[in-house]
Amino acid sequence: MPELPDVEGFRKVLAGCARGRTIEQVDVRDAGVLHGVGAGRLSRDLEGRRFTELERHGKWLLAHTGGPTVQFHFGMTGRLVCAHADDAPHAHDRVLFTLAGSRQLRYRDQRKLKGLWLAGDPEAARLLDEQGPDALAVSRADFDAALTGRRGRLKAALTDQSLLAGLGNLLADEILWQSRLHPSRSTGSLTDGERAELYRTMRRVLRTSVRAAQVPPRDDWLTGHRDAPDPGAPCPRCGTRLRAGRAAGRTTYWCPHCQPAPD
DNA sequence: ATAGGTGTTTCTTT
DNA sequence: AAAAGAAACACCTA
């Protein structure tokens, strides 16, 4: 599930659950989610420390400790949960951080496509160098700079994390639909006015989604109609049947009337 | 029982 | 050279 709004929600979960509290014990129940570090060193390096700054960039969450930094990526199914240390763990709880005051932060992940990295600050900085500007923080000028000079399709550009960090499949479709731009428009063909509208819409969609800690499946948004049965739900704006297809390697929904096809 | 999913990487093809 | 496409990763649901 996690796109920028979900990860921002996890940042708040981590802050409320763990910030400032001593990490008493790290229990790795499935080492399959650890990358570049084993269970032993993860525990040894974190136990006795506390989480300090909690930084989100795109879909990455970085938890600083004053020593090593824990880098979380949630893949498709990862999440953070705050529980009581005595609560029975969930089947998909892969790593448990027991904190002072009997709280327990849990990395829960069904599919284990990503997980946790442990890095020194220089390495954490290098990770962020490979990411484009955060979609929630990017200025209009940097947004323009990211999109100009691209030759591919618009949806591929919006979901390319090295160009702009944080947008996933749902957000890209929602933003394009609200902007009335077809996912297959070539990025370079946008007028200045269209880019301005795209930027404004992206900010509005992100603001609403961050408040909900997800892309909300609202009836008056495209997202509310993705899982409609075969014939395709009507566009909430004009009633035309929504189309589904493939773009940037992912299932993509759009309204053939509101989002005119290029060519 | 096969397909597909709010993600990314890597390899191959255009 | 850049971009699109397909497969792989792991697991569950329809």
Side-chain angles (χ1 to χ4, degrees), chain A residues 1-11 29-36 56-61 71-80 90-95 107-117 127-132 134-136 146-178 182-189 202 205-206 208-218 221-230 232 244-254 262-263:
Chain A
M1 306 145 126
E3 302 179 69
L4 185 156
D6 310 82
V7 179
E8 182 61 19
F10 302 151
R11 192 183 68 77
R29 306 180 79 236
D30 187 337
V33 299
L34 301 185
H35 299 266
R56 184 195 55 73
H57 187 97
K59 300 174 189 173
W60 284 94
L61 179 58
Q71 305 174 157
F72 294 92
H73 194 293
F74 300 92
M76 295 270 267
T77 50
R79 53 186 295 205
L80 287 177
H90 184 280
H92 300 141
D93 284 340
R94 313 296 186 182
V95 182
Y107 179 75
R108 182 173 299 177
D109 191 352
Q110 175 198 116
R111 288 171 68 181
K112 303 189 285 182
L113 292 174
K114 290 286 168 181
L116 284 68
W117 284 250
L127 166 76
L128 297 188
D129 283 347
E130 293 164 7
Q131 297 277 300
D134 183 79
L136 193 57
L147 292 189
T148 49
R150 277 284 290 201
R151 283 188 298 175
R153 301 175 210 265
L154 197 44
K155 174 152 180 183
L158 291 181
T159 54
D160 182 339
Q161 304 300 299
S162 69
L163 229 57
L164 190 63
L167 306 186
N169 197 35
L170 257 59
L171 276 171
D173 281 3
E174 188 64 42
I175 292 164
L176 288 170
W177 176 75
Q178 291 197 24
H182 193 282
S184 296
R185 276 287 295 278
S186 89
T187 307
S189 77
M202 177 180 77
V205 168
L206 282 175
T208 304
S209 300
V210 164
R211 225 179 297 132
Q214 64 173 115
V215 189
R218 291 164 49 151
W221 280 24
L222 179 69
T223 341
H225 305 277
R226 293 185 74 88
D227 298 324
D230 257 32
R246 208 112 183 123
R250 311 299 306 278
T251 301
T252 300
Y253 289 82
W254 72 95
D263 309 330

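All values reported here derive from a predicted model rather than from experimental measurement. The figures here come from the full heavy-atom set of this structure, side chains too, leaving out hydrogens, waters and symmetry mates.
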Please work out if A:Arg151 contacts a base, only the sugar-phosphate, or nothing of the nucleic acid, heavy-atom cut-off 4.0 Å. sugar-phosphate
Could you give the distance from CG (A:Leu158) to CZ (A:Arg153), rounded to the nearest 0.5 Å? 13.5 Å
Whole angstrom value for the distance that separates P of B:dA3 from CZ of A:Arg246: 13 Å
Salt-bridge present (A:Lys155, A:Asp173; N to O < 4.0 Å): yes
Over all strands shown, is A:Gly249 touching base, sugar-phosphate only, or nothing at heavy-atom distances under 4.0 angstrom? nothing
Drop me the distance from A:Leu136's CG to A:Glu8's CD, to the nearest 0.5 angstrom. 7.0 Å
Would you please say whether a donor-acceptor pair under 3.5 Å links the side chains of A:Arg246 and A:Thr251? yes
Using a 4.0 Å heavy-atom cut-off, does A:Ala156 contact any base of the nucleic acid, only the sugar-phosphate backbone, or nothing at all? sugar-phosphate
With P as the reference atom in both, quote the distance from C:dA1 to B:dT8 in angstrom, rounded to an integer. 26 Å
What is the distance from atom CD of A:Gln161 to atom CG of A:Leu167, rounded to the nearest 0.5 Å? 7.0 Å
Is A:Arg94 reaching over with its side chain to a backbone N or O of A:Asp109, donor-acceptor style, under 3.5 angstrom? yes
Range on DNA chain C touched by chain A, heavy atoms, distance below 4.0 Å: C:dA2 to C:dC12
Least distance between heavy atoms, A:Pro5 atom then A:Leu171 atom: CD-CD1, 3.6 Å
How long is the gap from OG1 on A:Thr252 to CG on A:Asn169, to the nearest 0.5 Å? 5.5 Å
Less than 6.0 Å separating the ring centroids of A:Phe10 and A:Phe72? no
How close do A:Gly168 and A:Thr159 get, counting heavy atoms only, and between which atoms? O-CG2, 3.7 Å
Which stems does DNA chain C form, counting runs of 3 or more consecutive Watson-Crick or G-U wobble pairs with both distances under 3.5 Å? B:2-5 with C:11-14, B:7-14 with C:2-9
What nitrogen or oxygen pairs link the protein and nucleotides 8-14 of chain B at under 3.5 Å?
residue : atom : partner  : partner atom : Å
B:dT8   : OP1  : A:His73  : NE2          : 3.1
B:dT8   : OP2  : A:Lys59  : NZ           : 2.9
B:dT8   : O3'  : A:Lys114 : NZ           : 3.4

Interatomic distance, A:Gln110 CD vs B:dG7 C1' [rounded to whole Å]: 14 Å
